[in-house]
Every structure is written in structure tokens, then in C-alpha cells.
K.L.:
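Structure below; questions to follow.
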Amino acid sequence: MGATYVDVTVRNPADLGRSWTGSFLVDTGAYDSMAPGSYLEAIGLEPISSRDYELADGTIVAYDIGAAVLEFEGVLVANMVVFGDEGVEPLLAVTALESGGFEVDPRREELKRLPAVLLKRHRAA
């Protein structure tokens with residue numbers, strides 16, 4: 001089984017016409033999606049906060065984050081994006097996948113659309 005990649009268009013939520021498209025590695029172990037910060041800034045996105053992230057090697061790193069609209073497989077989702085370092089491989093994270101109603105088919109190395117987006121109902125006691 002190999003890696004799954006998908007073309008993603010990152011859009012500025014204040015002006016959907018301002019966008020950047022790239023090939024993103026699908027990473028179900030990542031919570032927030034990531035792209036090089038300079039690409040996000042070029043479409044007018046600005047950090048709204050920062051967050052600490054644990055990398056695969058256990059290192060904790062603080063990154064700026066901002067709100068974006070991600071478009072992939074014909075679906076638009078509002079999502080937080082990490083302003084990554086130059087040269088970072090763009091990542092499409094699990095929150096974007098779940099918001100769009102997708103799961104990963106690792107054997108075919110592609111996204112699989114779920115019959116419906118999951119929404120759980122809590123019952124009163």
C-alpha cells in the first residue's frame with residue numbers, strides 16, 4: 001500500500017476567487033491540514049491563532065493557523081489550515097476528510113465517498 005494524494009484547492013473564505021491548488025498527501029493521522037505559509041499568504045489568508053502540534057518524531061512545534069475553504073473531489077469544506085514552512089509537503093487531514101464525507105481506500109490509494117456525512121444524535125437520559 002502506498003500513499004494517497006488528491007488535488008486540493010485552498011480558497012480564501014472572504015474571496016473564494018483567490019485560491020491555490022496543489023497535490024496534497026492524505027494524512028489520516030493529522031488533525032489539521034497544512035500548506036506552505038507563503039502560498040496561503042499569497043491568496044490573502046492570515047493567521048488567526050497558533051497551535052502546538054506533535055510531529056511524527058515526538059517533537060512539539062508551534063505553527064500559525066487560519067481558516068480556509070478546501071475544495072477536493074467536488075466538495076467544499078471549511079477547515080483550519082496550518083501555515084507550514086517553505087517546502088513542506090501539503091497535507092489533507094482527517095477533519096477535512098470527515099467534514100466532506102470521505103474515507104481513504106488504502107488499497108486503491110484513493111478517497112471513497114461515504115453514503116452520508118456522519119452526524120451523531122445524543123439521546124436524552
K.L.:
Backbone N or O of Thr95 within a donor-acceptor pair of the Ser99 side chain at under 3.5 Å?
P.N.:
yes
K.L.:
Which pair of non-hydrogen atoms, one from Ala62 and one from Asp52, has the smallest distance, and what is that distance?
P.N.:
CB-OD1, 3.4 Å
K.L.:
Quick one: does Val69's side chain get under 4.5 Å of Leu16's, heavy atoms only?
P.N.:
yes
K.L.:
Examine Val8 and Leu111 and state if one hydrophobic cluster contains both, with Ile, Leu, Val, Met, Phe, Trp and Tyr joined whenever side-chain heavy atoms are less than 4.5 Å apart.
P.N.:
yes
K.L.:
For a 4.5 angstrom cut-off between non-hydrogen side-chain atoms, does Leu97 reach Val26?
P.N.:
yes
K.L.:
Are more than 12 heavy atoms from other residues, nucleotides or ligands located less than 6.0 Å from atom CD of Glu46?
P.N.:
no
K.L.:
Sub-3.5 Å donor-acceptor pair from the side chain of Asp27 to the main-chain atoms of Leu92, do we have one?
P.N.:
no
K.L.:
Quick one: does any side-chain atom of Arg18 pair with a main-chain N or O of Leu45 as donor and acceptor, under 3.5 Å?
P.N.:
no
K.L.:
Are Leu91 and Trp20 grouped together when hydrophobic residues (ILVMFWY) are joined by side-chain heavy atoms under 4.5 angstrom apart?
P.N.:
no
K.L.:
Measuring centre to centre across the rings, with the benzene-like ring taken for any Trp, is Phe102 within less than 6.0 Å of Phe72?
P.N.:
yes
K.L.:
Are Ile48 and Met80 close enough, and set up right, to give a side-chain contact (heavy atoms from CB on, under 4.5 Å), and what steps lead you there?
P.N.:
CA-CA 10 Å; Ile48 58 173; Met80 296 306 291; 3.8 Å; yes
K.L.:
Any luck finding a side-chain donor-acceptor pair between Tyr31 and Glu54 under 3.5 Å?
P.N.:
no
K.L.:
Closest heavy-atom contact between Leu70 and Ser33?
P.N.:
CD1-OG, 3.7 Å
K.L.:
Out of curiosity, Glu89 CD to Ser23 OG, how far, rounded to the nearest 0.5 Å?
P.N.:
7.5 Å
K.L.:
I'd like to know if Arg113 pairs up with Glu73 as an ion pair, taking the criterion as any Lys NZ or Arg NE/NH1/NH2 lying under 4.0 Å from an Asp or Glu carboxylate oxygen.
P.N.:
no
K.L.:
Can you find a side-chain donor-acceptor pair between Asp32 and Tyr63 that sits under 3.5 Å?
P.N.:
no
K.L.:
Can Phe24 be reached from Val104 by stepping across I, L, V, M, F, W or Y side chains whose heavy atoms are under 4.5 Å apart?
P.N.:
yes
K.L.:
Could you tell me whether the side chains of Ser38 and Glu86 share a donor-acceptor contact shorter than 3.5 Å?
P.N.:
yes
K.L.:
Should Tyr53 and Met34 count as side-chain neighbours, where that means a heavy-atom distance under 4.5 Å?
P.N.:
no
K.L.:
Any side-chain heavy atom of Pro90 sitting closer than 4.5 Å to one from Pro36?
P.N.:
yes
K.L.:
Would you call Val10 and Ile43 a side-chain contact if the rule is heavy atoms closer than 4.5 Å?
P.N.:
yes
K.L.:
Mind listing the closest non-hydrogen atom pair of Gly100 and Val75 along with its distance?
P.N.:
CA-CG1, 3.9 Å
K.L.:
Looking at every non-hydrogen atom in both residues, tell me the closest pair between Gly66 and Phe83 and how far apart they are.
P.N.:
N-CE1, 3.6 Å
K.L.:
Which distance, rounded to the nearest 0.5 Å, do you find between the OG1 of Thr28 and the CD of Glu98?
P.N.:
9.5 Å
K.L.:
Going hydrophobic residue to hydrophobic residue with side-chain gaps under 4.5 angstrom, can you get from Val82 over to Val88?
P.N.:
yes
